[in-house]
Amino acid sequence: MKTPLILGVLGSGKGSNFHAIMDRIQAGRLNARVSLVISDVPDAGILKLAHDFRVPALCVRPGKFRTKLEPEIEAEVVRRLQEAGVELVVLAGFMRLVKAPLLQAFPRRIINVHPSLLPKYPGLEAWKQALAAGETLTGCTVHHVDAGMDTGEIIAQRQVRVLPGDTPASLHARIQAAEHALLPDVIARLAEERHTAGTAGTA
Ligand code: GAR
């Protein structure tokens, strides 16, 4: 049995992508383990889900900025992820920009899921942006994280059709369903590549 890839999941919202990762792991179709969930929102659904799945979780202080963590709080996040043995950081609805402490501690080992076909529609509520622009095709993206907002090398995308009569809510729901397949797929691929690259032992 190959050793599982150790994940740290950061999220600010309801946690449906975290749920999808846990479902895939529990189904035996993703060789990974989530060792820590971190949120910046005390009542975020992802924290309740972590509790339900018995995954260690913590909430960090939101601090004085809206779009990023204060450097010392981000340094604490790094320390906690490292203490938890995290190999891959997954941003699953984490609504803050990641800065130097995390980027330097986990080079090319932070991925993000975003609800558009990047580079189109970075930022907030991307599905509303796509709808307002009259797109007939949108989707979701998993990408490596750099210092920009929803920039960074694209790993994989999944297309979602915009249907006549779509509302923001109906479109977002279909994009999220696509995310729930895409994100675990990408993590599974990264876990597999780690073994074929010979960077991890077998147990
Ligand atoms: C997801 O749709 C994700 O793509 C988005 O937040 C949602 C979180 O949902 N992230 C961004 O917009 C990042 N720019 P979840 O909490 O149910 O997983």
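Residue numbers count from 1 along this sequence. Everything numeric here is computed off the predicted structure, so don't read it as measured data. When a ligand or atom number is given, it counts from 1 through the structure's own listing order.
When hydrogens are left out, the protein atom nearest atom 7 (C) of ligand 1 is Gln176 NE2, 3.7 Å; that is the closest non-hydrogen contact. Looking at atom 10 (N) of ligand 1, its nearest protein heavy atom turns out to be Val113 O, 3.6 Å. Protein heavy atom at the shortest distance from atom 16 (O) of ligand 1 is Gly15 N, 2.8 Å.
Residue contacts with ligand 1 leave out Met149, since none of its heavy atoms falls under 4.0 Å from the ligand.
Residue Glu125 does not touch ligand 1, judged by heavy-atom distances below 4.0 Å. Contacts of Asp150 with ligand 1, taken as heavy-atom pairs under 4.0 Å, involve the side chain alone.
Among His114, His172, Glu179, His19, the residue whose heavy atom sits closest to atom 3 (C) of ligand 1 is Glu179. Of all the listed residues (Ser16, Gly93, Pro115), Pro115 holds the heavy atom that lies closest to atom 11 (C) of ligand 1.
Here Glu153 pairs with Arg108 in a salt bridge; the nearest charged N to carboxylate O distance falls below 4.0 Å. Using a cut-off of 4.0 Å between Lys/Arg side-chain N and Asp/Glu carboxylate O, Asp185 and Arg24 are scored as salt-bridged. A salt bridge links Arg194 to Glu87: one of the charged nitrogens lies within less than 4.0 Å of a carboxylate oxygen. Salt bridge annotation for Arg158-Glu179: absent, with no cationic side-chain nitrogen under 4.0 angstrom from a carboxylate oxygen. Contact check on Lys120 versus Glu135 returns a salt bridge, with a Lys/Arg side-chain nitrogen under 4.0 Å from an Asp/Glu carboxylate oxygen. Looking at Asp166 and Arg174, a side-chain N of the basic residue comes within less than 4.0 Å of a carboxylate O on the acidic one, giving a salt bridge.
Close approach of ligand 1 to Gly13 is summarised as follows: ligand atoms under 4.0 Å from at least one heavy atom of the residue are 16 (O).
Side-chain contact of Lys14 with Gln176: a donor-acceptor pair under 3.5 Å is present, judged by distance alone.
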